[in-house]
Amino acid sequence: MRTVIAATLATVALAGCQTQGAPLASPQAAAAVAAAPPDYVTAICGQCHAVRDNAVSPNPQAPGFADIANSPGVTRATLVTFLSDAHNYPMQMDVDLVEEDIELIADYMLTLQSDDYVKRPS
């Protein structure tokens, strides 16, 4: 548990050091970010959801993050709104998220958006 908390704090601290709105250095850097979800996201969400692109969710009823991110109308605002209201969650998704966690999850999910995304069969 201490490892997860330490990793979470490190991830949040590093995220705070980044310049908002600054583009990534290259397409390869963007791919690396999308390929490596923050440890917190993997620990909390990865038990049910596929948190990496082109992965299969451990729980077949839980959509993958790439599927969610590439759904019509999904924006940072819609993700933050959904994740901020625990009453939106399905019964199985019993998590309490604080604002920093919500923003971390939403920002990571948006790295999975792609103009040429094709949903994998479930």
>> I'd like to know if Ile102 and Phe82 are part of one continuous hydrophobic network [Ile/Leu/Val/Met/Phe/Trp/Tyr, side-chain heavy atoms within less than 4.5 Å].
In response: yes

> What residues, two or more places apart in sequence or in another chain, satisfy side-chain hydrogen bond (donor to acceptor under 3.5 Å, both in side chains) together with Asp107?
Replying inline: Arg76

>> Tell me every residue that passes side-chain hydrogen bond (donor to acceptor under 3.5 Å, both in side chains) with Thr81, counting only those two or more places apart in sequence or in another chain.
In response: none

>> Taking side-chain contact (heavy atoms from CB on, under 4.5 Å) as the definition, give me every residue that meets it alongside Thr42, ordered by chain and number, with sequence neighbours left out.
In response: Pro37, Val51

> If you round to the nearest 0.5 Å, how far is OG of Ser71 from CE of Met109?
Replying inline: 8.5 Å

> Roughly how far apart are Cys45 SG and Leu83 CG, rounded to 0.5 Å?
Replying inline: 8.0 Å

>> Suppose we screen for side-chain contact (heavy atoms from CB on, under 4.5 Å). Which residues come up paired with Gln113, at least two apart in sequence or across chains?
In response: Ala69, Asn70, Val74, Leu110

> If every non-hydrogen atom of Asp53 is compared with every non-hydrogen atom of Ala66, which pair is closest and at what distance?
Replying inline: OD1-CB, 3.5 Å

> If you look at every heavy atom in Ala106 and Val80, which pair is closest and at what distance?
Replying inline: CB-CG2, 3.9 Å

>> According to ring pair (Phe, Tyr, Trp, His ring centres under 6.0 Å), does anything in residues 52-74 pair up with another residue at least two apart or in another chain? List the pairs.
In response: His49-Phe65

>> Under the rule for side-chain hydrogen bond (donor to acceptor under 3.5 Å, both in side chains), what residues qualify as partners of Asp116, not counting sequence neighbours?
In response: Ser114

> Atom CD1 in Ile44, atom CG in Leu97: separation rounded to 0.5 Å?
Replying inline: 8.0 Å

>> For Pro60, is there any backbone N or O sitting under 3.5 Å from a side-chain donor or acceptor partner on Ser57?
In response: no

>> Just verifying a value: how many Å separate Tyr40 OH and Leu104 CG, rounded to the nearest 0.5 Å?
In response: 8.0 Å

> Ala50 and Pro58: which non-hydrogen atoms are nearest, and at how many Å?
Replying inline: N-CD, 4.0 Å

> Just wondering, do Leu79 and Ile105 contact through their side chains at under 4.5 Å, heavy atoms?
Replying inline: no

> Looking at SG of Cys48 and CD of Gln61, how far apart are the two atoms once the value is rounded to the nearest 0.5 Å?
Replying inline: 10.0 Å

